[in-house]
There are 2 protein chains.
Amino acid sequence: MTVAIRQTSETFTPRQQAVLTAALDLLVEAGDGLTMTAVARRASCSKETLYKWFGDRDGLLTATVQWQAAKVRVPLVDRRSLDPDSLRASIYQFARDLLATISGATSVALNRLAISHATEDNGLGAIVLDNGRFTMGKRLKPLLEAGRDARMLRFDNSETAFRTFFGLVLRDVQVRLLLGDKLALSLKEIEADAERATDQFLTLYGVPANKPDRAQR
Amino acid sequence: MTVAIRQTSETFTPRQQAVLTAALDLLVEAGDGLTMTAVARRASCSKETLYKWFGDRDGLLTATVQWQAAKVRVPLVDRRSLDPDSLRASIYQFARDLLATISGATSVALNRLAISHATEDNGLGAIVLDNGRFTMGKRLKPLLEAGRDARMLRFDNSETAFRTFFGLVLRDVQVRLLLGDKLALSLKEIEADAERATDQFLTLYGVPANKPDRAQR
DNA sequence: ACCGAACCGTACCGTACGGTACGCATCCGG
DNA sequence: CCGGATGCGTACCGTACGGTACGGTTCGGT
């Protein structure tokens, strides 16, 4: 009965990572069917080991979520060489990656899990929020602010601007997927959506450049 | 998205509605604590009655969701007298009601429930989607199309336009609430958000009127 | 060669909860 | 006044699953 819940950037042994991978796979395949016995069998380990390593079921879930969250690659943007085209390209790329990530099976499964276990308090929801939504915001904001400094974007509050960006990119996609709607976005559709969202965002927040017509419907 | 939903607009006796109310209250207070025994106790009825009326647990949940969904008042808009101001007012009102509904405790609890029980297939997610997201779309589209016919809006596809509207209004609010983020939108904030979303939507889809400057940040 | 740690597999326990059975009270038509 | 129906309360059953215990095996260190 060790009470050792360490939160920050936990480092897992390869074997432990294999277990977490098994848990994650199981979670994606059958969300609610994630039972300790199932994980143990899938990972070819004993339940006792699971409890030894992760404390209890919640610890295992937390570790799984944290571990996966750490793997999410949020696009870093370098803010040198910032001209209107590169700004647009960076925003577009960010939108594309964001949409691809969120619409992925792993993200959906993870968010379902966190939402299921969200009766106020609770760490899972907070972890997912921190590593998903809020990390995204932290990553994009510097770009937005660089764009503002360069007089290519106009907004008062980068947080607000990001939230609008978030809405323009994801729209109803995330909640529909969470609710079981089969959407199956192809890469083409994702790219088209990202393009549209980028255009719309620049229409709302961009400073009209020399070439005036960027109006987008 | 459809697949006919059985028992449309089922009619419940007052006693049954009382039971459903109890179930809903219980769901809002303690989402995962919704047990048949708890519902029976809260509603002062016997479990046997629950099973007799609703078949099984899933039937009770389905009935609860359907019943609540039927109560959602989606703003109807009358499309006579459509001038730019009334169009804006109608859109604004719709945005306000949408945001208020979605950010309400009942909606959050219901969506959590449906998402929890969403391993593909499953009726709950479909019911919530149909009565939430899709009904909203069906209600707003006529207004949008009326606006287009009156040359005050411009878009190719009303579905796409609505999805953007949806994103602009809700942004990250719904998913944050679902994940347990305490957001507690005040009426003031809701109205301000609805205003902002309306402005942004009209910036993107509105036909520039005589007074040209509607730019909004 | 030996020892202990780590860990696998499996059997086991306790509990929570979905679902069922039954006894009793109330109400209503004849 | 009576018999059936409806429904409340409670006790009960079966199962699934979280958590624990234990014997057997592998392996690294000495």
Side-chain angles (χ1 to χ4, degrees), chain A residues 1-6 10-27 29-65 109 112-114 116-119 121-124, chain B residues 10-27 29-65 109 112-114 116-119 121-124:
Chain A
M1 170 73 58
T2 37
V3 190
I5 300 178
R6 297 149 296 180
E10 181 113 16
T11 171
F12 296 111
T13 70
R15 182 73 181 108
Q16 286 173 331
Q17 292 185 24
V19 170
L20 293 178
T21 300
L24 195 60
D25 290 349
L26 216 49
L27 186 67
E29 304 177 8
D32 54 343
L34 189 74
T35 172
M36 297 300 275
T37 306
V39 173
R41 192 160 40 225
R42 171 72 67 107
S44 291
C45 72
S46 75
K47 282 168 65 176
E48 193 168 17
T49 302
L50 291 184
Y51 285 102
K52 181 173 184 180
W53 285 348
F54 304 106
D56 57 4
R57 182 184 140 96
D58 219 62
L60 174 62
L61 297 182
T62 302
T64 304
V65 170
R112 278 212 189 117
L113 175 69
S116 301
H117 286 219
T119 321
D121 72 304
N122 149 38
L124 280 192
Chain B
E10 181 112 17
T11 170
F12 296 110
T13 70
R15 182 74 181 106
Q16 286 172 332
Q17 293 186 23
V19 170
L20 293 178
T21 300
L24 196 59
D25 290 350
L26 215 47
L27 187 66
E29 310 179 1
D32 54 343
L34 188 75
T35 172
M36 298 299 276
T37 306
V39 173
R41 190 160 40 224
R42 171 73 65 106
S44 290
C45 73
S46 76
K47 281 168 64 175
E48 192 167 17
T49 303
L50 291 184
Y51 285 102
K52 181 172 184 177
W53 285 348
F54 304 104
D56 58 3
R57 181 183 141 96
D58 218 63
L60 173 62
L61 296 183
T62 302
T64 304
V65 171
R112 278 210 190 119
L113 175 69
S116 301
H117 286 221
T119 320
D121 72 304
N122 149 37
L124 280 193

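No hydrogens, no waters, no symmetry mates; every other heavy atom, side chains included, goes into these values. Because the structure is a prediction, the values reported are computed rather than measured. Chain letters run A, B, ... following the sequence lines, proteins first and then strands; every chain starts at 1.
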Expressed in angstrom and rounded to an integer, what is the separation of B/Leu50 atom CG from C/dT20 atom P? 12 Å
Can you tell which of D/dG9, D/dG19, C/dC8 lies closest to the side chain of A/Ser46? C/dC8
Short side-chain N/O contact from B/Thr35 to OP1 or OP2 of C/dG18, under 4.0 Å: yes
Residues which pass side chain to side chain contact (heavy atoms under 4.5 Å, CB included) with B/Phe54, listed by chain and number, not counting sequence neighbours: B/Phe12, B/Val19, B/Leu20, B/Leu50, B/Leu60, B/Ala63
For a 4.5 angstrom cut-off between non-hydrogen side-chain atoms, does A/Leu34 reach A/Leu61? yes
If each of A/Glu48 and A/Leu34 is mapped to the nucleotide of DNA chain D with the nearest heavy atom, which maps nearer the 5' terminus, i.e. the 5' end? A/Leu34
Ignoring backbone atoms, test whether B/Arg15 places a side-chain nitrogen or oxygen under 4.0 Å from the OP1 or OP2 oxygen of D/dC8. yes
Does the side chain of A/Thr37 get closer than 4.0 angstrom to OP1 or OP2 of D/dA16 through an N or O atom? no
Here the distance between atom P of D/dG19 and atom CZ of A/Arg57, to the nearest Å, is 8 Å
Nearest whole Å is fine: how far is C/dG19 P from B/Phe54 CZ? 14 Å
Separation between OG (B/Ser44) and CZ (B/Arg15), nearest 0.5 Å, reads 7.0 Å
Between OH of B/Tyr51 and P of C/dC17 the distance, given in whole Å, is 12 Å
Think A/Trp53 has a side-chain N or O under 4.0 angstrom from the OP1 or OP2 of C/dC7? yes
Please report, rounded to the nearest Å, how far the P atom of D/dC22 is from the NZ atom of A/Lys47. 16 Å
Just the rounded figure in Å: distance from P of D/dA11 to CE of B/Met36. 19 Å
From NZ of A/Lys52 across to P of C/dC7 the rounded distance in Å is 6 Å
Within this structure, what is the CG-to-C1' distance between B/Leu60 and C/dG19, rounded to whole angstrom? 13 Å
Just N and O in the side chain of B/Thr49: are any of them under 4.0 Å from OP1 or OP2 of D/dC8? yes
